[in-house]
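First up is the structure itself, then whatever we jot down about it.
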2 protein chains.
Amino acid sequence: MPTITRRHDPDRRARILRATLDVVAEHGVAGTTHRRIAAVADVPLGSMTYHFASLDDLLTEAFTLLADTVAARFTERLAAAGTRAEACEAVVDLVVDDSWATPRNLLLSYELYAYAARVPALRGVMQGWMGKSRAALEQHFAPGTARALDAMIEGLSIHRSVDLEPAGRAEVRAIVARLTGDALALP
Amino acid sequence: MPTITRRHDPDRRARILRATLDVVAEHGVAGTTHRRIAAVADVPLGSMTYHFASLDDLLTEAFTLLADTVAARFTERLAAAGTRAEACEAVVDLVVDDSWATPRNLLLSYELYAYAARVPALRGVMQGWMGKSRAALEQHFAPGTARALDAMIEGLSIHRSVDLEPAGRAEVRAIVARLTGDALALP
DNA sequence: CCGCGATGCGTACATATGTACATATCGCAG
DNA sequence: CTGCGATATGTACATATGTACGCATCGCGG
């Protein structure tokens, strides 16, 4: 019998995880189903329950992947800064640039925050994420300042995604300057 | 025939809306169903489709109610401040107190942010909310400072809800002082 | 080369869900 | 008091969903 082409798929698991984030970004956790993910990942439905015990397990692992990826990029971007001024500029970039604060990432963050409230394992992941961010900032700034900057990055990113006239680069730079205590022209 | 007690329920609609927020807070939008809401509001299932055309309509209206309520409280708290120093303290309160930044409200905010990304009507609601907050802050601070404070309130509230050792009142006060430019002892 | 554990695949099934609808009851304007 | 429009209520039903399971097929160690 001519059986249909059967694939050998070494990284199918990873592809499912990526597809999960895609589906969550597009439909929200509320609209995320095994079947939708399977369609995006281009795998049969049976693969879902084979690779992941339950949908919650899948979501948990996908969100963990997201946090690790984003935290790594964050750290990387800050580690590339040599001087304090460069570090400030890196912070501005993280808020303003289309590298991390992309609509997709913001959206996924909201979904993660909401979901994590009901999955203890993810609370740990979020704490780890925040810890890494703070550690990266503390390589350039005092602990208190790092904390303030971390929160400000979060708040500004969110508000910029809602605002009809988002704060521009200059304004963000001025705010960072106030928090770091470095003198800078205020608008 | 002795018919079961049939209730006359003038504010049933409002009760359903409140129940919706309760259910969302407990189960997330993903776990919000007509039947769960009906159970919490103590109304029969049929009432759901009678008072609200669809589940999405219901969620949209409930989130609008949330935004209006929270924005009103925010404005009220800031309007009560007479001096600039009192305004700063009000901002600190909004972050640290158990009045607005309660776990429930934070959680509902995450759900709203995520949900609003897919419902255009709610984007307007969020913009209105942010506008009101900013207006309230601008009664005491310059526009740029108001923007920074608004974002910082958001970011600090979120991070405080995740952090194992949340920033204390003193630390929050110091951050606010930096943003407002008012001199204050730094820790 | 061969066997076996890992992986892939389709399908079945109980359940939960959104929504429609027929009917019953109530408040109140005239 | 009397309709009548608004509201209440229970139920039906098509559909989507999570998960289980049996079987097919493959990679690879011995």
Side-chain angles (χ1 to χ4, degrees), chain A residues 1-63 111 114-115 118-119 121-122, chain B residues 1-63 111 114-115 118-119 121-122:
Chain A
M1 286 292 292
T3 57
I4 322 289
T5 64
R6 175 184 299 272
R7 274 192 300 188
H8 170 49
D9 224 0
D11 71 334
R12 172 171 291 198
R13 221 184 110 93
R15 189 147 37 88
I16 292 176
L17 283 173
R18 287 193 298 269
T20 302
L21 291 179
D22 287 344
V23 171
V24 170
E26 191 173 1
H27 297 97
V29 169
T32 297
T33 68
H34 275 142
R35 286 167 177 81
R36 260 205 256 259
I37 298 168
V40 171
D42 190 32
V43 300
L45 180 59
S47 269
M48 295 291 124
T49 50
Y50 175 75
H51 287 285
F52 301 93
S54 76
L55 192 56
D56 281 306
D57 284 346
L58 175 50
L59 282 169
T60 299
E61 209 163 323
F63 277 132
E111 297 283 355
Y115 190 72
R118 287 157 202 108
V119 182
L122 280 181
Chain B
M1 285 292 292
T3 56
I4 322 287
T5 66
R6 173 184 299 273
R7 274 195 296 188
H8 170 50
D9 225 0
D11 71 335
R12 172 172 291 198
R13 221 186 110 94
R15 188 148 37 88
I16 291 176
L17 284 172
R18 288 194 297 270
T20 302
L21 290 179
D22 287 344
V23 171
V24 171
E26 191 173 2
H27 301 278
V29 170
T32 298
T33 70
H34 274 144
R35 285 166 177 82
R36 260 205 258 257
I37 298 168
V40 171
D42 190 32
V43 300
L45 180 58
S47 269
M48 295 292 123
T49 50
Y50 175 74
H51 286 285
F52 301 92
S54 76
L55 191 56
D56 280 305
D57 284 345
L58 176 50
L59 282 169
T60 299
E61 209 163 323
F63 276 132
E111 297 283 354
Y115 190 73
R118 286 158 203 109
V119 181
L122 280 180

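Below, chains carry the letters A, B, ... as their sequence lines are ordered, and counting in each starts from 1.
- With a 4.5 Å cut-off on side-chain heavy atoms, A:L122 and A:L59 do not count as touching.
- Under 4.0 angstrom from either OP1 or OP2 of C:dG18 there lies no side-chain N or O belonging to B:R36.
- Rounded to whole angstrom, the span from the CG atom of B:D11 across to the C1' atom of D:dA8 amounts to 15 Å.
- Here D:dT19 presents its C1' atom at 14 Å from CD1 of A:I37, a figure rounded to the nearest Å.
- You'll find the side chain of B:V24 stays beyond 4.5 Å of the side chain of B:Y115, heavy atoms only.
- For residues 10-22 of chain B, the set of pairs meeting the side-chain hydrogen bond (donor to acceptor under 3.5 Å, both in side chains) definition, not counting sequence neighbours, comprises B:D9-B:R12, B:D9-B:R15, B:R12-B:S47, B:R13-B:E61, B:D22-B:R104.
- Residue pairs meeting the salt bridge (charged side-chain N to carboxylate O under 4.0 Å, His left out) criterion with at least one partner in residues 44-59 of chain A, sequence neighbours excluded, are absent.
- Residue pairs meeting the ring-ring contact (aromatic ring centres under 6.0 Å, His included) criterion with at least one member in residues 9-51 of chain A, sequence neighbours excluded, do not occur.
- A:A39 pairs by the side chain to side chain contact (heavy atoms under 4.5 Å, CB included) definition with nothing, not counting sequence neighbours.
- The CZ atom of A:R13 sits 15 Å away from the P atom of C:dA6 (whole-angstrom rounding).
- The stretch residues 44-61 of chain A comes close to DNA chain C through A:P44, A:L45, A:G46, A:Y50, A:H51, each having a heavy atom under 4.0 Å from the strand.
- Residue A:R12 has a polar side-chain atom (N or O) positioned under 4.0 Å from OP1 or OP2 of C:dC9.
- The list of salt bridge (charged side-chain N to carboxylate O under 4.0 Å, His left out) pairs with a residue in residues 26-41 of chain B, not counting sequence neighbours, is empty.
- Of all the residues in residues 22-35 of chain B, B:T32, B:T33, B:H34, B:R35 reach under 4.0 Å from DNA chain C with at least one non-hydrogen atom.
- Residue pairs meeting the salt bridge (charged side-chain N to carboxylate O under 4.0 Å, His left out) criterion with at least one partner in residues 43-52 of chain A, sequence neighbours excluded, are absent.
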